[in-house]
Amino acid sequence: MSRFYYSILLLVVLLSASCEQTLPYLDEVQQENSLVVNAVAVADTLFTVTVSKARRLDGVFFSGKTDFWEREAADTSSYRIPLDFVCDDATVKAVINESRQVSFWYDEVSRSYRSDYSPREGDRIRLSVTRIVESATETARSEVVVPSKPQIEILEHSEEAFPGEYEESGDYADIIFERPPTYMSLTCRINDPLGKNYYRLLVRLVADPKDAGIIEKYDRGVLVADVFHSDDPIFTDNRLSGSYGGWPSYFSNVFDDHLFDGKSYTFHVSSALKRMYGVNQRVYVELQEISRDFYFYLKSIQSYRISDHDDYSESIQIHNNIENGWGILGSLAGSRIVVPFK
């Protein structure tokens, strides 16, 4: 099986014998006709599902690393599948906690299937997607349980001067930094319940534009910076041997609780640098508890994005939990704290 097939991935989110799935060989026509189903059940957020045709990763969204980074960082609710990949003729259904039936309708604007159901913590979701292809009925299935919202505290925070050097006359400094550049230093604590738990930490610097021209010139994503830094071992992943999109080598914001299972854990992080031109600047610190499959999916994406993507590099299999199809059904519940800059 070619490692490249399986696309229309979610943002933005593997390599373990215990979770490895052996998939049957499919020829090129079969692969392109296969259903790709992607959805993340987010607690207290309307549940949506994307359904598409399989395509080669290297020919769709991973043609450039910057392109994928922008898609991963963006709000997934604003993302639309390209029209030539969309499956708008599928029947999408979900069963919640073995009792409630949820139907979906196709929305042409978002090119996704929408519902009036908002997942709650602890909900068990069984998803099915059915489509008729060349007189044959295909049904892809998966299920997931929505985790509980994790507990995170900000014990201390302060604005610190950037210790490195930057080019005063360079375009990057003129656009991005105030003078002198500063960042937010945060001391955080996770209160972890007993049992295996999986997390993703988002430390997002957000600023409102001073005028609409900034948005038109630099695009909406420039006022959001997702990269943060920390030397804490919970963020170390020795499989990520290359840097990517501002993240250093061996760093991952997706981690499990093997170092602190059932305990409180304190760590330090530093936000991205404060923006020169933004107003109402603040840092969002959001800890998400994520489902096991979504954890392995995100880990596989992080490994894929630093690979060479050629025929001579080691294959990276994107984690998949869709029966009779491709894609990921994940879930998450997040707890957010907002820390304003002065």
Salt bridge between [X] and [Y], side-chain N to carboxylate O under 4.0 Å?
X: K196; Y: D261; answer: no
X: R204; Y: E286; answer: no
X: K149; Y: D44; answer: yes
X: D88; Y: R111; answer: no
X: R189; Y: E153; answer: yes
X: E98; Y: R126; answer: yes

Rounded distance [0.5 Å steps], [atom1] in [X] versus [atom2] in [Y]:
X: T50; Y: N38; atom1: OG1; atom2: CG; value: 4.5 Å
X: E160; Y: L186; atom1: CD; atom2: CG; value: 10.0 Å
X: R200; Y: L332; atom1: CZ; atom2: CG; value: 6.5 Å
X: D208; Y: N280; atom1: CG; atom2: CG; value: 4.5 Å
X: D89; Y: I132; atom1: CG; atom2: CD1; value: 8.5 Å

Should [X] and [Y] count as side-chain neighbours, where that means a heavy-atom distance under 4.5 Å?
X: F294; Y: L329; answer: no
X: D192; Y: Y265; answer: no
X: R120; Y: V146; answer: no
X: F341; Y: V283; answer: yes
X: I125; Y: F47; answer: yes
X: V206; Y: Q281; answer: no
X: L202; Y: Y284; answer: no
X: R100; Y: Y117; answer: yes

Subject >> Stepwise side-chain hydrogen bond (donor to acceptor under 3.5 Å, both in side chains) check, T130 with T91 >> reply: CA-CA 5 Å; T130 301; T91 300; over 6 Å; no
Original post:
Relative to the ring of F296, is the ring of H319 parallel (under 30°), tilted (30 to 60°) or perpendicular (over 60°)?
Top reply: tilted
**OP:** Fit a plane to each ring of Y295 and Y198, take the angle between them on a 0 to 90° scale, and name the class: parallel (under 30°), tilted (30 to 60°) or perpendicular (over 60°).
**Re:** tilted
**OP:** May I ask you to check whether F267 and F260 place their ring centers less than 6.0 Å from one another?
**Re:** no
Subject >> Ring centre gap for F255 and F235 strictly below 6.0 Å >> reply: yes
**OP:** With sequence neighbours left out, write down each residue that passes side chain to side chain donor-acceptor pair (under 3.5 Å) with S115, or none if nothing qualifies.
**Re:** none
List the atom of [X], the atom of [Y], and the distance in Å for their closest heavy-atom pair.
X: I328; Y: D293; result: CD1-O, 3.6 Å
X: A90; Y: V51; result: CB-CG1, 4.2 Å
X: P147; Y: A333; result: O-CB, 3.4 Å

Original post:
Is the backbone N or O of G330 less than 3.5 Å from a side-chain atom of S291, with the two atoms forming a donor-acceptor pair by type?
Top reply: no
**OP:** Test Q302 against N253 for side-chain hydrogen bond (donor to acceptor under 3.5 Å, both in side chains), laying out the working first.
**Re:** CA-CA 10 Å; Q302 291 179 342; N253 67 328; 3.2 Å; yes
Original post:
With distance as the sole criterion, is a donor-acceptor pair present between the side chains of S252 and K299 under 3.5 Å?
Top reply: yes
Original post:
T187 and H268: side-chain hydrogen bond (donor to acceptor under 3.5 Å, both in side chains), yes or no, with the steps?
Top reply: CA-CA 5 Å; T187 301; H268 303 276; 2.9 Å; yes
